[in-house]
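Report on the structure given below.
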Amino acid sequence: CDPCPKRPGGLRAGGATSLTEREAEVLKLVALGFTLKEIAHRLAVGVKSVETYKARGWEKLGLKTRAELVRYASAQGWLANI
């Protein structure tokens with residue numbers, strides 16, 4: 001899909017598909033303001049696992065700050081149900 005418009009971070013439109021379900025789930029919760037400990041408890045996994053999912057997701061999306069994550073989450077419609 002060469003003519004597809006690119007998103008910041010080098011992702012093509014619809015780039016969330018490159019995230020695993022768990023990475024997307026963690027990033028959504030981070031964007032909503034949950035702490036890593038709260039996310040770990042909510043997903044019944046360890047904090048270290050949450051840190052790993054978050055780091056991998058941020059790397060895949062080319063994000064550097066929480067503000068960039070929130071902008072991305074908003075653009076994806078992840079924050080629509082707040």
Side-chain angles (χ1 to χ4, degrees):
C1 171
D2 279 334
C4 293
K6 288 200 171 195
R7 291 190 171 274
L11 289 179
R12 297 186 185 279
T17 57
S18 67
L19 296 173
T20 66
E21 284 185 42
R22 187 57 70 139
E23 289 165 350
E25 188 172 21
V26 167
L27 292 183
K28 287 176 191 178
L29 293 170
V30 170
L32 289 169
F34 289 91
T35 67
L36 298 181
K37 187 175 180 180
E38 289 170 333
I39 295 168
H41 179 71
R42 181 174 222 152
L43 301 179
V45 298
V47 173
K48 186 67 178 167
S49 294
V50 173
E51 290 172 352
T52 300
Y53 294 129
K54 178 183 165 231
R56 287 181 184 166
W58 281 45
E59 183 177 337
K60 286 179 180 180
L61 296 176
L63 302 174
K64 305 248 187 282
T65 67
R66 187 178 291 255
E68 289 176 346
L69 172 61
V70 172
R71 279 193 296 272
Y72 179 83
S74 179
Q76 294 299 313
W78 292 352
L79 308 179
N81 295 329
I82 300 176

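Because only heavy atoms are used, hydrogens play no part in the values below, and waters and symmetry mates are left out as well, while side chains stay in. Here, residue 1 is the first one in the sequence, and each next residue gets the next number.
Separating the OG1 atom in Thr52 from the CD atom in Glu23 is a distance of 10.0 Å, to the nearest 0.5 Å. Separation of atoms CG (Leu61) and OH (Tyr72) is listed at 4.5 Å; rounding is to 0.5 Å.
In this structure, Glu68 contributes its side chain and Lys64 its backbone to a donor-acceptor pair below 3.5 Å. A donor-acceptor pair under 3.5 Å is formed between the side chain of Arg66 and the backbone N or O of Val30. Without hydrogens or angle criteria, Ser74 side chain to Val70 main chain gives no donor-acceptor distance under 3.5 Å.
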Going through the distances and angles, do Leu27 and Trp58 end up as a side chain to side chain contact (heavy atoms under 4.5 Å, CB included)?
-> CA-CA 8 Å; Leu27 292 183; Trp58 281 45; 3.1 Å; yes
With side chain to side chain contact (heavy atoms under 4.5 Å, CB included) as the test, would you mind laying out the steps for Tyr53 and Ile39 before giving the verdict?
-> CA-CA 11 Å; Tyr53 294 129; Ile39 295 168; over 6 Å; no
Report the C-alpha separation of Leu29 and Glu38 in whole Å, then their side-chain angles, then the decisive distance to 0.1 Å, and conclude whether the side chain to side chain contact (heavy atoms under 4.5 Å, CB included) test is met.
-> CA-CA 9 Å; Leu29 293 170; Glu38 289 170 333; over 6 Å; no
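The pair Arg22-Glu25 meets the salt-bridge criterion, since a charged nitrogen lies less than 4.0 angstrom from a carboxylate oxygen.
Within a 6.0 Å radius of CZ in Arg56, other residues, nucleotides and ligands contribute 12 heavy atoms or fewer.
The two residues Leu19 and Gly57 come nearest to each other via the heavy atoms CD2-CA, 3.7 Å.
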